[in-house]
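I'd like to ask you about the structure that follows.
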Amino acid sequence: MTYSYTQISQYLRCPRSYRHRYLDGWREKETRAAMLFGRCFEKALGAYFLRQDSAAALFKEWGAYRDTPLEYSNGDNWDRLAHQGVQLLEKLARDDRIRIRQPRRNLQVKLVRSLPNGNGFVAYIDAIGFLDSTSCLLEWKTTTSRYPEEPAGLLSLDPQLVCYSWISGLSEVALVVFVRKRLPEIQYLRTSITEGQCREFGQLVEATAGQIEAGQFLPHSGIRFPQNGCVSCPYLGLCLGNQQLIDVKLIRKPGASDLDWLDQLDD
Ligand code: SF4
């Protein structure tokens, strides 16, 4: 069994949703514009660091969805996202705070780690490079709202960064957040992950894998207003036995765990 950050975090959020996704093969339909745009934008970032025409790369990727009926939120549309993407790429170039040496090697870096019982863990790191001349692991995010920066040190608790520090052995990590808003903004957020956090994350992975292999998939439904996790869960239709909701949101693909790391690109 090969685990990923997406699998572990989905199990921890709700074991029942893990069963729907990884055992029964239910996948969310890919109709969310923000998520698809995020993937296209990351391809454009790759082109930028390879010193290619990043705007052209963005239009090539995002252009494939121009006539696709997608779910847009916050009054977005295809043109607006394209415009924001170009503005963000221009700002990235103006800021000029990130360096990636040997980009073909240091972009989308695949890392694998062995786990007990013959299992493995795989992660795809967006980049390994330098932020303001400090060597670090880099993760890109596209979002419509700024990441919180207070209280100081908050970023060091980000579970995905802890995971990537654990698997890479790199303590310096950074999030580069591309904020799609009226005046697009890039947040450059750096933090350090301790050895103790990595050790605990490894324990969490092993404990979670143990529960998955023991077949424990009890639901962790959200019951408290206003943070009811079920409301935004794509598997709500399955848990409610609501066929209409299932048809709108889900598609069933046997053996659907392939490429699940792409989920990490979600908005
Ligand atoms: S709808 Fe709620 S209980 Fe069902 S899988 Fe999603 S989070 Fe879990």
Side-chain angles (χ1 to χ4, degrees), residues 1-39 69-74 76 115 119-124 139 141-145 147-148 154 157-164 166 175 200-267:
M1 184 79 181
T2 301
Y3 293 98
S4 67
Y5 171 75
T6 308
Q7 283 182 52
I8 297 296
S9 64
Q10 178 146 359
Y11 184 89
L12 293 172
R13 199 161 54 238
C14 176
R16 181 59 49 86
S17 76
Y18 182 98
R19 194 179 81 182
H20 290 321
R21 164 75 173 79
Y22 292 100
L23 273 66
D24 299 340
W26 291 100
R27 297 290 304 267
E28 187 176 3
K29 285 182 184 168
E30 298 193 334
T31 52
R32 284 187 293 139
M35 183 186 74
L36 294 168
F37 177 79
R39 288 184 193 168
L70 300 177
E71 288 172 42
Y72 287 92
S73 50
N74 304 320
D76 278 342
L115 299 176
N119 294 323
F121 194 101
V122 66
Y124 287 82
E139 269 298 295
K141 294 286 175 199
T142 52
T143 173
T144 49
S145 48
Y147 268 45
L154 187 62
L157 301 182
D158 183 289
Q160 192 172 10
L161 291 178
V162 175
C163 169
Y164 290 172
W166 165 73
L175 272 190
E200 285 181 347
F201 188 82
Q203 291 167 353
L204 182 65
V205 169
E206 285 179 32
T208 307
Q211 287 169 25
I212 291 169
E213 281 153 34
Q216 294 178 20
F217 300 110
L218 292 172
H220 289 187
S221 57
I223 53 167
R224 299 292 295 272
F225 180 84
Q227 288 171 329
N228 186 335
C230 295
V231 175
S232 57
C233 176
Y235 303 110
L236 183 59
L238 288 172
C239 290
L240 293 179
N242 180 329
Q243 190 62 43
Q244 194 189 358
L245 214 47
I246 294 170
D247 293 342
V248 170
K249 286 279 179 193
L250 299 174
I251 186 164
R252 196 165 194 185
K253 289 186 184 174
S257 63
D258 298 353
L259 301 182
D260 79 297
W261 57 272
L262 284 170
D263 296 349
Q264 295 170 20
L265 308 180
D266 286 8
D267 185 282

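Throughout, numbering of the chain's residues begins at 1 and tracks the sequence. Just so you know, these numbers use all the heavy atoms, side chains as well, and skip hydrogens, waters and symmetry mates. Order of listing sets the numbers, starting from 1, for every ligand and every atom in it.
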Can you name the closest pair of heavy atoms from I246 and G237 and give their distance? CG1-C, 3.6 Å
Output yes when R39 and E30 qualify as a salt bridge under the 4.0 Å nitrogen-oxygen rule, no when they do not.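 Result for this pair is yes, salt bridge flagged.
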Looking at C14, which atoms of ligand 1 are within less than 4.0 Å of one of its heavy atoms?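 Near C14, meaning under 4.0 Å from one of its heavy atoms, ligand 1 has 3 (S), 5 (S), 7 (S), 8 (Fe).
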Output the distance between atom CZ (R21) and atom CD (E28), rounded to the nearest 0.5 Å. 10.0 Å
Heavy-atom distance to atom 3 (S) of ligand 1: which of P15, S221, P234 wins? S221
Specify side chain, backbone, both or neither for S17, according to which of its non-hydrogen atoms lie closer than 4.0 Å to ligand 1.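 S17 to ligand 1: contacts from backbone and side chain alike.
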Under 2.8 Å from atom 8 (Fe) of ligand 1, is there an N/O/S atom belonging to C230?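 Coordinating: no.
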Starting from atom 4 (Fe) of ligand 1, find the nearest protein heavy-atom neighbour and note its residue, name and distance.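 Nearest neighbour among protein heavy atoms for atom 4 (Fe) of ligand 1, to 0.1 Å: C239 SG, 2.3 Å.
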Numbered atoms of ligand 1 (with element) below 4.0 Å of L236, judged on heavy atoms: 1 (S)
Testing the 3.5 Å rule here: is there a donor-acceptor pair between the side chains of Y164 and Q160? yes
Indicate if the distance from atom 6 (Fe) of ligand 1 to the nearest N, O or S atom of C233 falls below 2.8 Å.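 It does: C233 brings an N, O or S atom closer than 2.8 Å to atom 6 (Fe) of ligand 1.
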For Y18 and F217, take the angle between the two ring planes, folded into 0 to 90°, and tell me which bin it lands in: parallel under 30, tilted 30 to 60, perpendicular over 60. parallel
Which residue is it: S17, C230, C14? I am looking for the one with a side chain to side chain contact (heavy atoms under 4.5 Å, CB included) to S221.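 Among S17, C230, C14, the one that satisfies the side chain to side chain contact (heavy atoms under 4.5 Å, CB included) with S221 is C230.
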